[in-house]
Novice: 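Structure provided below as structure tokens; questions to follow.
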Amino acid sequence: MTIRADEERARRAVAALLAVVGQEGASAADPAAARWSARALEPGFAAMAAAARRTGEPSRALRAELGAIGRAAERTMARADGGACLHHGAVWPLGLLVAGVTLAPGAAPTEAARLAGRLASLPDPGAPRRPSAGSAVAVRYGAAGAKGEARAGFPHVRKALSALAEARAAGAREPEARMRALFTVMSSLRDTGPLHTAGPAGLREVQDGALAVLAGTLTPSGLGVRLRARGLYPRGSGHVLAAALFLENSDSPVM
């Protein structure tokens with residue numbers, strides 16, 4: 001594998017994020033800023049792929065390097081979107097999955113997710129001692145959070161992959177398949193974003209609204225209006241869908 005392959009995987013990770021920006025139900029308050037934020041992560045993802053390629057196995061050394069690269073990527077993203085860090089929750093899962101795909105090129109998405117989960121379970125000696133807002137909310141409300149999802153092998157990413165496959169098999173066009181996958185994730189993910197904004201009541205509004213969309217009793221745009229009115233942006237669910245889209249595209253040839 002080559003530097004060119006590292007860069008291609010990074011481009012695919014960013015493309016997956018961009019595909020979700022503006023998706024009704026998980027859109028950011030400022031889609032333009034969200035696109036800048038996503039593009040700012042490309043060099044970091046390329047560096048993560050390069051680190052995995054050089055190391056060749058899910059080791060403690062690789063975990064430490066990925067952590068350092070991820071923190072640098074978040075600082076770059078903060079400069080790009082004015083400090084909003086709109087894809088803060090994407091650096092962790094997508095970075096690990098980029099590494100997992102690099103460690104096992106051509107492997108099935110579930111195998112790449114398994115390797116990424118192994119990496120997530122290793123200690124990061126450079127991790128800040130002060131918990132992030134997402135980690136603090138996860139502890140307070142007993143949610144898995146991004147770290148818990150990763151250490152469990154990305155169960156909601158696997159759920160999104162299944163929902164995409166089922167929707168396509170039923171004849172859904174790609175935008176509809178992605179929409180159904182997104183709301184499937186939203187219906188059960190304990191997204192720390194809404195929890196941070198409005199506590200358990202906010203999370204219930206997201207989950208119940210997603211179930212209503214899946215049942216056909218509420219339109220996606222109707223739910224989007226409702227959530228934006230309360231300042232609820234379930235970006236975590238969008239990042240899960242982006243991770244699933246990345247994994248789907250990760251087994252195509254990379255030169």
Side-chain angles (χ1 to χ4, degrees), residues 6 9-10 12-14 16-17 41 44-74 77 85 87-105 107-139 141-162 185 188-193 195 235-248 250-251:
D6 302 335
R9 289 200 172 97
R12 292 179 183 184
V14 171
L17 274 176
L41 294 174
F45 289 145
M48 291 178 185
R53 175 171 51 83
R54 289 193 308 269
T55 306
E57 60 180 358
S59 63
R60 287 175 177 248
L62 176 57
R63 176 66 189 88
E65 189 169 2
L66 292 176
I69 294 169
R71 288 185 285 276
E74 290 195 344
M77 174 177 57
C85 293
H87 294 295
H88 169 73
V91 177
W92 173 262
L94 271 174
L96 288 169
L97 289 169
V98 165
V101 166
T102 304
L103 290 172
T110 52
E111 173 61 14
R114 185 187 68 81
L115 283 170
R118 283 179 59 189
L119 276 169
S121 297
L122 295 172
D124 178 5
R129 294 185 178 181
R130 184 176 180 179
S132 66
S135 297
V137 169
V139 171
Y141 294 112
K147 290 185 178 181
E149 284 281 319
R151 289 167 179 161
F154 299 94
H156 277 86
V157 173
R158 297 197 304 268
K159 190 170 189 175
L161 288 167
S162 295
V185 171
S188 60
L189 181 69
R190 302 199 70 195
D191 196 325
T192 55
L195 277 172
R235 297 188 188 101
S237 297
H239 295 153
V240 167
L241 176 59
L245 295 175
F246 168 72
L247 283 179
E248 281 194 324
S250 66
D251 61 354

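This is a predicted model, so every value here is computed, not measured. Note that the numbering runs from 1 along the sequence shown for the chain.
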Novice: Below 4.5 Å, heavy atoms only, C-beta onward: do Pro123 and Arg60 meet side chain to side chain?
Specialist: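 Side chain of Pro123 against side chain of Arg60, heavy atoms only: contact under 4.5 Å found.
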Novice: What are the two closest heavy atoms between Ala16 and Phe246, and how far apart are they?
Specialist: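 Scanning both residues, the minimum pair turns out to be CB-N, 3.8 Å.
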Novice: Provide the closest heavy-atom pair for Leu103 versus Leu115 in the form atom of the first, atom of the second, distance.
Specialist: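 Minimum heavy-atom contact is CB-CD1, 4.1 Å.
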Novice: For Glu65 versus Thr55, what's the shortest heavy-atom pair and its separation?
Specialist: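 Glu65 and Thr55 have their closest heavy atoms at OE1-OG1, 4.5 Å.
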Novice: Can you find a pair of side-chain heavy atoms, one from Leu161 and one from Pro109, that are under 4.5 Å apart?
Specialist: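 Side-chain contact under 4.5 Å: yes.
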Novice: Would the distance check show the side chain of Arg151 and the main-chain N or O of Ala120 forming a donor-acceptor pair, the cut-off being under 3.5 Å?
Specialist: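 Yes; judged by distance alone, with no hydrogens or angles, the pair exists.
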Novice: To check you understand the geometry: which heavy-atom pair defines the closest contact between Pro58 and Leu119, and what is its length?
Specialist: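 That closest heavy-atom pairing would be CA-CD2, 3.7 Å.
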Novice: Between Arg158 and Gly153 (side chain of the first, backbone of the second, donor and acceptor by atom type, cut-off under 3.5 Å), is there such a pair?
Specialist: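 Indeed, once roles are kept as given, a pair shorter than 3.5 Å links the two residues.
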Novice: Leu94 and Ala242: which non-hydrogen atoms are nearest, and at how many Å?
Specialist: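 Here Leu94 and Ala242 meet closest at CD2-O, 4.4 Å.
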Novice: Rounded to the nearest 0.5 Å, what separation is found between the CD atom of Glu149 and the NE2 atom of His239?
Specialist: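 Going from the CD atom of Glu149 to the NE2 atom of His239 covers 13.5 Å.
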Novice: Atom OG1 in Thr102, atom CZ in Phe45: separation rounded to 0.5 Å?
Specialist: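 Between Thr102 OG1 and Phe45 CZ, I get 12.0 Å after rounding to 0.5 Å.
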Novice: Is there a side-chain contact between Arg12 and Val101 in this structure, where contact means two heavy atoms from C-beta onward sitting under 4.5 Å apart?
Specialist: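 A side-chain contact under 4.5 Å is absent here.
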Novice: Got Asp191 and His156 here, is their nearest side-chain heavy-atom distance under 4.5 Å?
Specialist: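 Sidechains of His156 and Asp191: no contact.
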Novice: With rounding to the nearest 0.5 angstrom, report the NE2 to CZ distance, His87 to Arg235.
Specialist: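 These two atoms lie 8.5 Å from each other.
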Novice: Is Arg71 paired with Glu74 through a side-chain N to carboxylate O contact shorter than 4.0 Å?
Specialist: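 A salt bridge is absent here (no side-chain N lies under 4.0 Å from a carboxylate O).
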Novice: Could you list the residues that satisfy side chain to side chain donor-acceptor pair (under 3.5 Å) with Ser121, not counting sequence neighbours?
Specialist: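 Expected list: none.
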Novice: I need the minimum non-hydrogen distance between Leu97 and Ala116, along with the two atoms involved.
Specialist: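 Shortest heavy-atom separation between Leu97 and Ala116 comes out as CD2-CB, 3.8 Å.
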Novice: Should Leu66 and Leu96 be marked as a side chain to side chain contact (heavy atoms under 4.5 Å, CB included) after you check the CA-CA gap, both sets of side-chain angles, and the distance that decides it?
Specialist: CA-CA 8 Å; Leu66 292 176; Leu96 288 169; 4.3 Å; yes
Novice: Given side chains that start at C-beta, do those of Lys159 and Ser188 come closer than 4.5 Å, heavy atoms only?
Specialist: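 Yes - at least one pair of side-chain heavy atoms lies under 4.5 Å apart.
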Novice: Sequence neighbours left out, what passes salt bridge (charged side-chain N to carboxylate O under 4.0 Å, His left out) with Glu57? Give chain and number order.
Specialist: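 With neighbours one apart ignored, the set is empty.
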